Every structure is written in structure tokens, then in C-alpha cells.
Amino acid sequence: MTHFANPVLRGFNPDPSIARVGDDFYIATSTFEWYPGVQIHHSRDLVHWRTAARPLHRPSQLDMRGDPDSCGVWAPDLTHAHGRFWLMFTDVKRYGQTTVSGATGASLRDFHNYLVTAREIDGEWSDPVHLNSSGFDPSLFHDDDGRTWLVNLLWDHRPGRSRFGGIMVQELDRQTMRLVGKRRLVFGGTERGFTEAPHIYKRNGWYYILVAEGGTGWDHAVVMARSRDLFGPYEVHPDGAVLTSAGRREGNLTRAGHGDLVNLPDGSTWIAYLCGRPLTGHERCVFGRETAVQPMVWGDDGWLRTVAGDGAPDPAPPLPPLKAAPEIADPDWDGTFEAGCLPLPLQWLRTPWPERLFSLSARPGWLRLYGRETVGSFFEQALVARRQEHFAFEASTMLEFDPQDFQQSAGLICYYNSTKFHYLNVTVEGERRQLQVLSAVPNEETAAHVVAEELPDGPIELRVEVAGPDLRFSWRCGDDGWIEWPHVLDASVLSDEVSLPGLPNFTGTFVGVAAQDLSGDGAHADFRFLRYRGKDLD
């Protein structure tokens, strides 16, 4: 093999920030409302990756209860300097009015930017230090004179203004962990607009600023500018975008943008960036945004370009000049539950108190969910899930659940956010345990369909099969064969591109298990396994 396939981090893994420490590479990606916060991935060859840490896992570090859909943890920035790892992140508490479709009124948002540090990537990370709330996408630039600078987008909420108010720089005093001196606007962006995701680098006496522009949709792009002075003025790359797939709405690497650079031991430069893989024949990305990497080259004029010089993302780059390390890749999980920690692929939503949602010890060998608020609640819902990583997959679970009234339900769910999900669940109607499908689709009424009027007592297996845009549910009890519900649901609505007007859609589809008890009694449901099998090879 002389080439590898992008993306390297598949299924909802956006906004990559990449760092190298010796022979080890790390990429931090956004988790938004999913807990624990931030995924940090580790590799030694840029091709095979493992989940090394989810550092924000304590109530003192992160509490996202009440954060709207696609808010929470945005765009982490990971660096290593002065003997430790530094991780910047934003916790978005309010999204406010959209910035697209000609919106001109005040756009009130709450962005709180925090810093945590650790000596080891998989060690204990510090409690967060709040640095500012002036905008989002914070990053740190460690200059070669020993000083450290915070870089972030300035948000302009005022009516009639450009929301993306430019890139700000302010010094960070590492001893006090406070910002000092005056904040300065150093780069206003280009005509593409939506200038965000800043990173600053220094090379041969030049300060280079790398930003994302064009919005995080089909016109997304990586743009570069440079200056001899940190505070500018910055001249823009003569080619325009350094990397973009603008104009493309099909293929493996659309929506390319939001990049970060890393130097390999041989001195070559690579870029990590986000991308989208729409369903064939549909302009919809059910995985959300994923992460790709590829080599770049510096020209004689001191500007960075793709190897082909075309500014295009590469779906099959050459292997990097590194020793292959396939042993680093995440191990496959067999879908069973053991006492102790939640299996690595699984996450939950918003709350830092997971013991109120689930237990792995209450019934050994089972995952017990305690029914909480409605599916889609912004505060406390018992939903544990993993990312969809394949265009075609099968997922199944075995459930033991004895609901006592119609306010209690539990089952198998394909979930994007509170407005987009398909949920096969067991509940009760009168004295009869019943199987239903609850579907939320933007611009349609949330629909409830009866799948089986009456279920026998005992465990039930639930299954979902997805093939591109088609989603089918089935079920069985005991040794009986699978009974397929005859209706085909639209899996493509569980994507970034299908939305109610004005709402953010920055995550991706998850498949998992859920339980609700709207009476407040916390009735529990037990799950024996959660199996996932990808069927496509692309």
C-alpha cells in the first residue's frame, strides 16, 4: 500500500486541531453537546488512530445542561509547549439568531472560552480557567520568544454588522493564567466571509495565520495570510484558498475547511482538516463533519500549497514518511457490557452526572438506563450512543423493560438532535406492553406509529438496518424470527443539511439506546448488548 483513504477519523469528528510530541501525533475534535467533552485521538503514522482521552469529564470542568443542540464544546485547540499540553475550548451556552439567509438583527450568543492543561495526554486534566467570552474558536500561539498568545474570533452581535468581526490576539500570562495587555484585531478576513478557526504559526521570520472561511457548509475553505509582525498587517495568500472543495456536493471530501498544520520529523508539513461525505445522490451528510489529513508543500515564494497545487482535498494521499503503526488503532468493541467504565465508543448527552442516567454495576453484564426526561431534552435524558461511521450498517440490542404506564418508554434510537431522530421503543398502552416508533423530522409533526399492539412478557430484541437513505426497524422475542416493520424511514434527514430554519446543525448521527420516564419515577430499563456492524467498505 502506498496511499491511504481519507477521512481518517470517520463519523462525527469535526474541527481538528493537531499536535506532535516526538513520534506521537494527537488530534483534538469537537464534541458539542456530547459528554465527556473533546475527543483526543493518538497516532504514530497519521493513518491509524485510537481514542486517547476525553479530558473534560468532571462537573468542575464541564456542565452542559441546558446547552442547545449543536452548542456545548466547540473547536478545541491542542498544543504542547513548556512541558505540558494546553487545550483551549469554547462552551457555547446560547446560539441565538442564525447568521445566514440574510439575517440582519441582533445575534445574541454566549461563548465562554476556557483553558485546561495536563502533563500527560491521558492523565488528569486541570480544572478550566475562563479566559474570555468575546467569541469562539480560541487557540494558543506559543512564540519563539517564550511568550504565549490567545487567538480567537471576535463576535459582533450588533444589528447590521458582520457577525464575524475579525481575529483577535491577546497575551496570556502563563504564571497567572490571565490575559494581559490590550487585545488587538490582527486580521479581518477576505471576501469569502465567516472568518473563524484561527491558528498562528511562525516560519522563516513570517507569522502565518490560517483561518476557515465561507461557512462550514459546501463553500467551506482554508485561507492563509502572513505578516512580518504578529499584529499585522497580514497579506492574503495569492492563490486565495489554500484548501477547499467549494462547488462540490458529492464525493468523499466535500465541505473541506477548518485546518491545522503539523510538521513531521523530516520537516514536511501536513494539514488536518474537516470534511463531509454526503450520501450518494443526496446532498446530505449523515456523518456530520469528519477529519482528513494530507501533505502540503511550501513554495519558493514562502506560501503553502497542496502537493498537486490545485488547492483540492486529496481522498487518497500518499503514505506519510513514518513507520506504519496499525497497532495504534481503536480495538473493535463486541457490543457487550462489563462492570466498570462505559465502553469507549459510547457517549451520553450534556450532564456531568452520568450515574443519574445509567449504571454498569446495578445488574452485572447489562447496561441499566434510568428513565429521565423526554428524548431530546437539553438537560437530563438517558441516552447512550455511538457514532454512525458507515453508509450501511446494522445495530441491535436486547432489552428487558416492564413499563407501568404510557409515560415510560425505552428502546433503540438513531439520533441527530432533539428535532431529528427515529426511535423504536417499548412502552405500555392500558394494560398492554406495546412497541412503537417515534419519529421527529424537521417541518413535520413528530409522529408515533404502533408497530406491535401487544408484546409478550420477557426480553425483546430490537434492530435497525440502514442502507444509505433507507432505515428499517425490526424486532423479535425469544427464538422467533425477526419481524420487520414494513415502513421505510428516511435516514437522510438525520444530517446537517435538514433543519428547522435558524438552528445550528454541527454534529452527526448516533445510534444507541434510550429510556424515558416522564412521571419522574426513574423507571429503569436493562440492555444486554448494543451491537454495531458496518456493511460498506467506503
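Small disclaimer: the values here were computed from a predicted structure and weren't measured. Throughout, residue positions are numbered sequentially from 1 according to the sequence presented.
- When only modelled atom types and interatomic distance are considered, Asp77 and Ser139 share no side-chain donor-acceptor pair under 3.5 Å.
- Evaluation of the ring pair (Phe, Tyr, Trp, His ring centres under 6.0 Å) rule for Phe141 yields Tyr207 as partners, not counting sequence neighbours.
- Phe510 pairs with exactly one of Trp34, Trp348, Phe393 by the ring-ring contact (aromatic ring centres under 6.0 Å, His included) rule, that one being Trp34.
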Can you give me every donor-acceptor pair (side chain of residues 309-326, partner residue at least two apart or in another chain, under 3.5 Å) with its distance?
residue, atom, partner, partner atom, Å
Asp310, OD1, Thr306, OG1, 3.2
Asp310, OD1, Ala312, N, 3.1
Asp314, OD1, Ala316, N, 2.9

Practice problem: Give the C-alpha distance, both sets of side-chain angles, the deciding distance and a yes or no for side-chain hydrogen bond (donor to acceptor under 3.5 Å, both in side chains) between Tyr532 and Gln388. | Solution: CA-CA 9 Å; Tyr532 175 97; Gln388 177 182 345; 5.9 Å; no

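- For Thr507, there are no side chain to side chain donor-acceptor pair (under 3.5 Å) partners at least two apart in sequence or on another chain.
- In this view, Phe187 satisfies the ring pair (Phe, Tyr, Trp, His ring centres under 6.0 Å) rule with no residue, not counting sequence neighbours.
- Pairs engaging residues 295-316 under the ring-ring contact (aromatic ring centres under 6.0 Å, His included) rule: Tyr208-Trp298, His237-Trp303 [sequence neighbours left out].
- Counting only residues at least two apart or on different chains, the side chain to side chain donor-acceptor pair (under 3.5 Å) pairs with a member in residues 326-341 are Thr51-Asp330, Asp334-Thr336.
- Taking the six-membered ring where the residue is Trp, Phe231 and Trp149 present perpendicular rings, their angle passing 60° and hence far from 30°.
- Ring orientation note: the planes of Phe136 and Trp155 are tilted relative to one another, at an angle of 30° to 60°.
- Under the 4.0 Å criterion applied to side-chain N and carboxylate O atoms, Asp219 and Arg255 are not assigned as salt-bridge partners.
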